[in-house]
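I have placed the structure first, in the form of structure tokens, so that the comments after it can refer back to it.
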There are 2 protein chains.
Amino acid sequence: MRLSTKSRYAVTAMLDLALNGTQGPVTLADISENQSISLSYLEQLFAALRSKGLVRGVRGPGGGYYLGREADTITVADIICAVDEWVEYTRSSAYRGSKDAQPQTTRALWDDLSEQIFDFLDDITLSSLVVRGAERATASVPETAKTLSLGLRGEAA
Amino acid sequence: MRLSTKSRYAVTAMLDLALNGTQGPVTLADISENQSISLSYLEQLFAALRSKGLVRGVRGPGGGYYLGREADTITVADIICAVDEWVEYTRSSAYRGSKDAQPQTTRALWDDLSEQIFDFLDDITLSSLVVRGAERATASVPETAKTLSLGLRGEAA
DNA sequence: GTAAAAACCAAGTAAATCCGTTGGTTACCT
DNA sequence: AGGTAACCAACGGATTTACTTGGTTTTTAC
């Protein structure tokens, strides 16, 4: 399991697609500007996302990216696995019998933890994140703010 | 939030302390051998763990490390934070008004996700992992395996 | 049918991080 | 006194991160 800023870039970019992709594709240039990530780094991330079918690219002017599936079928685990691959103990070698048999035990316990984390993240979909965010925003908006909700899209600082 | 092999080293080392620290301190040399991590890398990790009070060192011959608190009060989130610090969006700058107000939105959604993950990991203690592992080991051993349970310790490949 | 917009692709790079090494010093037990 | 082990600091190769440059293809618009 691995979770880094790279994962964050990928997840927030996918959230951008989920939020803005309803009316036409979203360009990487937009995402790059919105989230201040370099364009070609985004290209690299999206190459990985595309190869896993998580996004769908449309070329030419007016083109951009759509989500590859419905937002409620794309999980955070999917995205992280696509760009940051789940590092599962690649160093398998050291297994000669050490004095007490702890390596197997701690390894099994870690594997269990890793699986718990995966299952947790595999239950969180893009749409569930968006819904939670919307709920939170409407719930916590003070009544004064509701009157002037113009450029507001469901969030506060 | 950041989760890497470094975190895994720290968590498994702490599990080693939880499992073996009941009768006397555990030396880094033992952990190094058991889990094939270099001794001085362990020293670096334990310096961080010690500074957060998660472990307690005992010098001199017969020395080693104990857990700094009871195993049921040390969470996975504690350990990860100690060695890998929780990266929270250090790049705060780019906040000039971009055309649509998405950066704040995606950022808020990520922050929410990050918090969900933290809360999840902050609910998993060392002792809960050990207990789960013990349950799994006794529960899931097929009766055929029990007879020949020699090198077996509760997991299969 | 040409120009521009955008996805796609490949190579290279400064900086950071990972993991380990070396070479110590202190504290403590026998 | 001598050995054990925690502590400490600095360095270094390998890898990863995030970005840059410089393209090519596909598609729309004029």
Side-chain angles (χ1 to χ4, degrees), chain A residues 1-10 12-13 17 20-21 24-33 35-68 80 83-87 89-91 93-94, chain B residues 1-10 12-13 17 20-21 24-33 35-68 80 83-87 89-91 93-94:
Chain A
M1 167 68 192
R2 166 167 273 239
L3 192 45
S4 61
T5 62
K6 194 175 172 185
S7 317
R8 194 191 66 211
Y9 284 153
T12 53
L17 290 197
N20 291 358
V26 180
T27 70
L28 293 188
D30 282 347
I31 300 177
S32 170
E33 191 186 345
Q35 315 207 16
S36 46
I37 312 172
S38 90
L39 178 58
S40 67
Y41 193 44
L42 275 176
E43 285 179 348
Q44 289 173 41
L45 295 181
F46 272 71
L49 294 171
R50 202 170 62 89
S51 76
K52 296 286 174 32
L54 296 178
V55 296
R56 181 168 49 89
V58 177
R59 294 179 137 189
Y65 280 98
Y66 288 105
L67 291 181
I80 293 173
V83 300
D84 236 344
E85 55 257 25
W86 218 263
V87 243
Y89 255 112
T90 40
R91 54 194 66 205
S93 52
Chain B
M1 166 67 191
R2 164 167 274 237
L3 191 45
S4 61
T5 62
K6 194 174 173 186
S7 319
R8 194 190 67 211
Y9 284 153
T12 53
L17 289 196
N20 291 358
V26 180
T27 69
L28 292 188
D30 282 347
I31 299 177
S32 170
E33 192 186 344
Q35 315 208 15
S36 47
I37 312 171
S38 91
L39 178 59
S40 67
Y41 193 43
L42 275 175
E43 284 180 347
Q44 290 172 41
L45 295 181
F46 272 72
L49 294 171
R50 200 170 64 88
S51 77
K52 295 286 174 34
L54 296 179
V55 297
R56 181 166 49 89
V58 177
R59 294 176 138 192
Y65 280 98
Y66 288 106
L67 291 180
I80 292 174
V83 300
D84 236 344
E85 53 257 24
W86 216 262
V87 243
Y89 256 111
T90 41
R91 56 193 64 205
S93 50

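Sequence lines set the chain letters: A, B, ... in the order given, protein chains first and strands last, and positions in each chain run from 1.
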Nearest heavy-atom approach of B:G62 to B:P25 is O-CG, 3.3 Å

In this structure, how many angstroms lie between the [atom2] atom of [N] and the [atom1] atom of [X], rounded?
| X | N | atom1 | atom2 | value |
| --- | --- | --- | --- | --- |
| B:K6 | C:dC18 | NZ | P | 5 Å |
| A:L42 | D:dA18 | CG | P | 12 Å |
| B:I31 | D:dA5 | CD1 | P | 13 Å |
| A:L45 | D:dC19 | CG | C1' | 12 Å |
| B:Q35 | C:dC19 | CD | C1' | 15 Å |
| A:D84 | D:dA18 | CG | C1' | 13 Å |
| B:L3 | C:dT17 | CG | P | 17 Å |
| A:Y41 | C:dG12 | OH | C1' | 16 Å |

Practice problem: Report yes if some heavy atom in the side chain of A:L17 is under 4.5 Å from a heavy atom in the side chain of A:F46; otherwise report no. | Solution: yes

Residue set satisfying side-chain hydrogen bond (donor to acceptor under 3.5 Å, both in side chains) with B:T27, at least two apart, ordered chain then number -> B:D30

Heavy-atom contacts, protein to nucleotides 6-11 of chain C, under 4.0 Å, summarised as B (base), S (sugar-phosphate only) or - (none) per nt, yield SBBB--

From the candidates C:dT17, D:dT17, D:dA18, the one with an atom nearest any side-chain atom of B:R2 is C:dT17

[Y] backbone acceptor or donor facing [X] side chain under 3.5 Å:
| X | Y | value |
| --- | --- | --- |
| A:K6 | A:D84 | no |
| B:S32 | B:S38 | no |
| A:S36 | A:E33 | no |

Exercise. Phosphate oxygens OP1/OP2 of D:dT16: is one of them under 4.0 Å from a side-chain N or O of A:S4?
Worked result: no

